[in-house]
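Have a look at the structure below, then the notes.
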Amino acid sequence: MPPRLRRSFFDRSVHKVAPELIGATLLVDGVGGVIVEVEAYHHTDPAAHSYIGRTNRNAIMFGPAGYAYVYRSYGIHWCLNFVCEAAGSASAVLIRAIEPTAGIAAMRRRRGKDLALPEERALCSGPGKLCQAVGVTIKHNGLALDRPPFELRARASVPDIVVGPRIGITKAVDAPWRYGLAGSKFLSKPFKI
DNA sequence: CTCTCGATTATCT
DNA sequence: GATAATCGAGAGC
């Protein structure tokens, strides 16, 4: 089994960490799969929650790397981020999609509440879906990524990665800081060629 | 396939 | 009071 990702893995530029997360495995209480899509948010980026400075919501982003930053999206969904870089840098990677490999029955159960027929490719193909499927909520905000309930494993080999502009934002819409596993059918949306 | 719209609430102005 | 790093349903082509 590939080694756990250590705290030091996250203690680097968010633009280096983000693409290296593609292919890594994320489990929460044993439920999860292979990360296939992420986005990088740096504190100098107008689209980042930390751009306006420290607030109650984004406080975790201003702490040390290797912790989870969870926030409520559109009043309905949860979104999971990994804090990167040195404390105070306030940068993070948004986890946008995973390919389910572990605990699929549990994911189907949790997602099935709001979906009549939860197809496997619809279980975790988006930041809100993925949090619902693996059971991430605000309770996970500020938890260390190298300890339970989180389990992060490095990828075994370097996959083909596609890059493009980020999704669903209204500022800095052209910055190419979305990364995906090439050819994956578990992406939230296809990458344009 | 694409497009539009409503849900729902913490956060910030 | 307006906004938002989303999602799913439904309409139309």
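Every chain is numbered from 1 and lettered A, B, ... according to where its sequence line falls, protein lines coming before strand lines. Only this structure's heavy atoms are used, side chains among them; waters, hydrogens and symmetry mates stay out.
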Q. For A/Arg121, does the CZ atom sit with more than 12 other heavy atoms under 6.0 Å from it, leaving out its own atoms?
A. no
Q | Audit row: A/Leu21, A/Phe82, side chain to side chain contact (heavy atoms under 4.5 Å, CB included) steps and yes/no | A | CA-CA 10 Å; A/Leu21 281 169; A/Phe82 297 164; 3.8 Å; yes
Q: Between C/dG8 and B/dA10, how far apart are the C1' atoms? Round to whole Å, please.
A: 22 Å
Q: Identify whether any heavy atom of A/Ile76 sits under 4.0 Å from a base atom; if not, whether one sits that close to sugar-phosphate; answer base, sugar-phosphate or nothing.
A: base
Q. What does A/Arg96 touch in the nucleic acid at a heavy-atom separation under 4.0 angstrom: a base, only the sugar-phosphate, or nothing?
A. sugar-phosphate
Q. Paired stems touching DNA chain B, three or more consecutive Watson-Crick or G-U pairs with both distances under 3.5 Å?
A. B:1-7 with C:6-12, B:9-12 with C:1-4
Q | Outermost DNA chain B nucleotides near chain A [under 4.0 Å, heavy atoms] | A | B/dA7 to B/dC12
Rounding to an integer number of Å, can you tell me how far [X] [atom1] sits from [N] [atom2]?
X        : N     : atom1 : atom2 : answer
A/Arg110 : C/dC7 : CZ    : P     : 17 Å
A/Lys171 : C/dA4 : NZ    : P     : 6 Å
A/Glu37  : C/dT6 : CD    : P     : 10 Å
A/Tyr51  : C/dA5 : OH    : C1'   : 16 Å
A/Leu123 : C/dC7 : CG    : C1'   : 14 Å

Q. Does the separation of the ring centres of A/Tyr51 and A/His43 fall below 6.0 angstrom?
A. no
Q | Stepwise side chain to side chain contact (heavy atoms under 4.5 Å, CB included) check, A/Asn81 with A/Tyr71 | A | CA-CA 9 Å; A/Asn81 296 252; A/Tyr71 69 92; 3.4 Å; yes
**Q.** A/Tyr74 (side chain) and C/dA5 (base): donor-acceptor pair under 3.5 Å
**A.** no
Between [X] and [N], is there a contact of a side-chain N or O with OP1 or OP2 at under 4.0 Å?
X        : N     : result
A/Arg57  : C/dA4 : no
A/Lys129 : C/dG8 : yes
A/Thr170 : C/dA4 : yes
A/His77  : C/dC7 : no

Q | Sidechain-backbone polar pair: A/Glu99 side chain, A/Ile35 backbone, donor-acceptor under 3.5 Å | A | no
Q) Of the nucleotides C/dA5, C/dT6, C/dC7, which has the atom closest to the A/Arg111 side chain? A) C/dC7
Q) Which one of A/Arg178, A/Lys185, A/Arg166, A/Lys189 satisfies the salt bridge (charged side-chain N to carboxylate O under 4.0 Å, His left out) criterion with A/Glu37? A) A/Arg178
Q. With a 4.5 Å limit on heavy-atom distance, are the side chains of A/Phe62 and A/Thr55 in contact?
A. no
Q: Look at the rings of A/Trp177 and A/His15 and say which category their plane angle falls in: under 30° parallel, 30 to 60° tilted, over 60° perpendicular.
A: tilted
Q) Do we get A/Arg72 above A/Tyr74's six-membered ring, with its NZ or CZ under 6.0 Å from the centre and within 45° of the axis? A) no
